[in-house]
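On a predicted model such as this, the values are computed, not experimentally measured, just so you know. The figures that follow rest on heavy atoms only: side chains count, while hydrogens, waters and symmetry mates do not.
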Amino acid sequence: SVRIALMKDLIEAMLACGMDVCVHRSMDQKRLLVFVALTDGIALEHYLVKDQILLRVRSEVLGALNVAQLHDSLTSSPVVPFDPRLLSSLEKAGIIDSPVKEEFFETHASPKKGDPPSVLSSSDRARIIFRELTTRIDLEQAKHYGLLTDWWPVHTRRLQDFDNTWVSRRSLQGMFFRQPISAVREYFGSQVAIMFAFKSLYSKSFLALAPVALSFELALNIQYLMGNDSLHMHSYAKGFSACLAIVIWSRITANLWDRERQLLLELWGLKEHGKSQSLPMVRPCFRGFPGPSRIDANETEDQYSEFWYSLRMLFSTFVTLVFCGLVLVSIFIWRNQFESRMGVVASLYLSVIIKTFEFVFNMLADKLSHFDNHKYEDDYVNSLVLRKFLFQAVTNYSAFFYIALKHCIEPGSGTRYHLLRYELVIMQIILSLFAIAQVAWNILSVSHKVRRIKESEEVMSFAEEQGHYTQFNTHHQVEMMSQLMVSLGFIILFGSVAPIMAVFSFLVFTIQLRGYAYILATAARRTIPHENASCENWRMLMSGLMHLGVLISGLFMTLFGHAFKHSSVQTRITGVLAFSISSFITWGLVDLMVPSRSVDAELLQLRRSHVWSKIINTCSRVENLFQLGQDEIKGRFRTRADSHEVNKSPRAALAGHWSSISPVPVGVGRF
């Protein structure tokens, strides 16, 4: 049959690639399980060179290189590509005892018990195997057409190590936001690790903002209960304290995140934009035509026309905008239906509209991103991020922009200010409860599934058990981050109107941080450990939200502020401009006090560059490319300065004979 032929072809192809292949029957004798591993030493060295994998130098080598390390958290060990000639030169120089890669590079536990440690981590092996498999077959398409029942990267027993460091009872119940980011990155890849680092930092930041937000909310509600509506509105505009607090908080947190991200990228040896320095991974579903490679014209690789690629992108963007238009029409109809009877029921209707459209578009967004036919995984992720967040921003924020726009048309009353506050709080409560319930449902469902498997009489291996776990692929990761960005956007855009929302956002970030850590460590399939920690689109979207938040806060201040109650349009516009300018000046002051530049990342880069130069100089002296010591070099330079054959002017300048120095010849300095 076709399945048997495909299995034989895959086994032969993987064996030819130097992989270890094992075929077993399932415990119920109904399926064949094909296991692919990478343990052969010669094959490991082949893929180290072929895929340009970077390895970290052992810290013990630094002492042999005469590099002293300070006792801090910044390791000076650089990440360098594997080169057998480098090891041979270092052995001759006496830096390492033998030209074995394990002597020079850090090692990781082998996936098989009893095997010696290896320089390749578990995530490196998974990426290599996935790359070799997907260059020969599209696994998802084979699964879609029934040629494969399923496929997944298998967890190692090392997953149990996370029980004490990541999902222990103490870390889940306490206010501990520090994550084992390095361990998460080593096992799940930098794409997952950078998301947990983002959630950890913003959880701590929301914890700091929550008391300030509660104090603002308490003051506003006390004034409102006292029945002094004008005082309530005046306090909102008086010195724009709530607006300015959100502006300062968002800038400080964004700068802290930039610093942490820079340090993580430097620690992980990734490029400035968060992409791996190894060869990019071509998506298995990419469809192209053979043609000369753009990197090396002597090689052939699949290419796709830029014209047709742009047309595909244009079409998928058009479909996204059409769905955004449908959302706007639905919200307009909803607003007209509940104009005079806003309340909890109206908010529930709005939340149903939002979640229904999101459910439909989530299925469509992945198909549109596949339709774009992106060649590399990074481009696919960036496209999915922009498309999902654009749609979710329209569905979640447009109703509240509509309320503010309505007040622009019908000014003169504070009713809409209270209505906007009320609607924001109710909607944020509903959406936060939905996000929390989604995490709780995932935890309960996977826990029940795992418990049912363990309690069943059917005997099942650990590898088979993982086939019943939930998935956490790129689509789910982007969806998780989109929910967090929407919650963060509510604070940046509307936090000055309803500061209490900061508490709800804190709960969303914290529960997602705890919940998905538990899911990944207990009942989720292992993800493909992609080396993509760019988050450039997320940072760009956050920057856009911050700038838009300044404009919206200034607009709210002039629309609902008592000082602008009877002002003309020109005065209101001037107020918005004045607030925006003062906010940008405040950002400049914040940047001076909390700069976005990471000093630790720059220091780490300098340390590693110094170590790498020591390694290169050591190898150069061994290979007779740097024969002279410093004293010999100075002596040769001095001899050259005293030589009549070189030039007389240096000798005259050194002796102080200024009159003997000739004028500059005509033509010197022309190009």
Side-chain angles (χ1 to χ4, degrees), residues 198 201-202 205-206 209 212-213 236-237 239-262 273 321 324 382 385-405 408 420 424 428 481-499 501-502 505 534-561 564 572-597:
F198 175 84
L201 185 138
Y202 268 86
S205 181
F206 273 117
L209 179 65
V212 179
Y236 173 80
F240 44 81
S241 55
C243 301
L244 204 58
I246 295 297
V247 167
I248 294 174
W249 172 84
S250 62
R251 190 67 173 188
I252 290 176
T253 309
N255 287 353
L256 290 175
W257 169 242
D258 284 342
R259 285 159 59 170
E260 181 166 348
R261 177 178 168 274
Q262 293 170 25
H273 297 293
L321 295 178
C324 291
N382 292 333
V385 164
L386 291 176
R387 187 166 288 126
K388 280 202 168 189
F389 183 78
L390 172 63
F391 182 79
Q392 293 194 7
V394 171
T395 56
N396 286 274
Y397 305 146
S398 55
F400 308 106
F401 285 134
Y402 177 79
I403 296 176
L405 181 63
C408 292
L420 180 60
L424 279 170
Q428 185 70 347
M481 284 293 293
S482 297
Q483 288 184 356
L484 297 178
M485 289 295 294
V486 167
S487 181
L488 178 62
F490 269 107
I491 304 303
I492 295 176
L493 297 177
F494 309 108
S496 57
V497 178
M501 293 191 301
S505 294
S534 62
C535 290
E536 282 298 314
N537 281 346
W538 293 122
R539 184 64 182 91
M540 179 189 68
L541 294 172
M542 191 189 308
S543 178
L545 284 175
M546 291 168 58
H547 285 81
L548 183 60
V550 169
L551 180 63
I552 295 300
S553 296
L555 181 64
F556 287 161
M557 185 186 68
T558 58
L559 287 178
F560 304 119
F564 294 89
R572 293 174 187 270
I573 293 176
T574 303
V576 173
L577 291 176
F579 178 81
S580 301
I581 293 172
S582 62
S583 298
F584 294 145
I585 293 174
T586 304
W587 279 0
L589 297 176
V590 169
D591 291 343
L592 291 176
M593 300 178 63
V594 187
S596 61
R597 180 176 58 91

Just how far is it from atom [atom1] of [X] to atom [atom2] of [Y], taken to the nearest 0.5 Å?
{"X": "Ser583", "Y": "Ile246", "atom1": "OG", "atom2": "CD1", "result": "11.5 Å"}
{"X": "Ile491", "Y": "Met501", "atom1": "CD1", "atom2": "CE", "result": "4.5 Å"}
{"X": "Ser482", "Y": "Gln392", "atom1": "OG", "atom2": "CD", "result": "4.5 Å"}
{"X": "Thr586", "Y": "Leu244", "atom1": "OG1", "atom2": "CG", "result": "5.0 Å"}
{"X": "Met542", "Y": "Trp257", "atom1": "CE", "atom2": "CH2", "result": "8.0 Å"}
{"X": "Met481", "Y": "Leu488", "atom1": "CE", "atom2": "CG", "result": "9.5 Å"}

Under 4.5 Å between any side-chain heavy atoms of [X] and [Y], yes or no?
{"X": "Gln428", "Y": "Phe494", "result": "no"}
{"X": "Arg251", "Y": "Val594", "result": "no"}
{"X": "Val385", "Y": "Leu541", "result": "yes"}
{"X": "Tyr202", "Y": "Leu484", "result": "no"}
{"X": "Leu493", "Y": "Phe400", "result": "no"}
{"X": "Phe490", "Y": "Val486", "result": "yes"}

Work out which heavy atom in Thr253 is nearest to a heavy atom in Ser205; give both atom names and the distance.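 Taking Thr253 first and Ser205 second, the nearest heavy atoms are OG1-OG, 2.6 Å.
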
Donor-acceptor pair, distance only, cut-off 3.5 Å: does the side chain of [X] make one with the backbone of [Y]?
{"X": "Ser543", "Y": "Arg539", "answer": "no"}
{"X": "Gln262", "Y": "Ser596", "answer": "yes"}
{"X": "Ser553", "Y": "Val550", "answer": "no"}
{"X": "Ser580", "Y": "Leu551", "answer": "no"}

Once ring-ring contact (aromatic ring centres under 6.0 Å, His included) is applied, do any residues pair with [X], and if so which ones, sequence neighbours excluded?
{"X": "Phe389", "result": "none"}
{"X": "Trp249", "result": "Phe206"}
{"X": "Phe391", "result": "Phe361"}

Which pairs with one or both residues in residues 541-558 pass salt bridge (Lys or Arg N to Asp or Glu O under 4.0 Å), sequence neighbours excluded?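 Sorted result for residues 541-558: empty, none.
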
Over 60° means perpendicular and under 30° means parallel, so classify the ring planes of Phe401 and Tyr397, tilted if in between.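 It falls in the perpendicular class, over 60°.
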
For Leu321, enumerate each residue passing the side chain to side chain contact (heavy atoms under 4.5 Å, CB included) test, keeping only those at least two apart in sequence or located in another chain.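 Side chain to side chain contact (heavy atoms under 4.5 Å, CB included) check on Leu321 returns Thr317, Leu390.
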
Among Val590, Val247, Asp591, Leu209, whose side-chain contact (heavy atoms from CB on, under 4.5 Å) with Ile252 holds?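 Testing each of Val590, Val247, Asp591, Leu209 against Ile252, the sole residue satisfying side-chain contact (heavy atoms from CB on, under 4.5 Å) is Val590.
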
Looking at residues at least two apart in the chain, or sitting in another chain, which of them share a salt bridge (Lys or Arg N to Asp or Glu O under 4.0 Å) with Arg259?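 Scan of Arg259 (salt bridge (Lys or Arg N to Asp or Glu O under 4.0 Å), adjacent residues dropped) gives none.
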
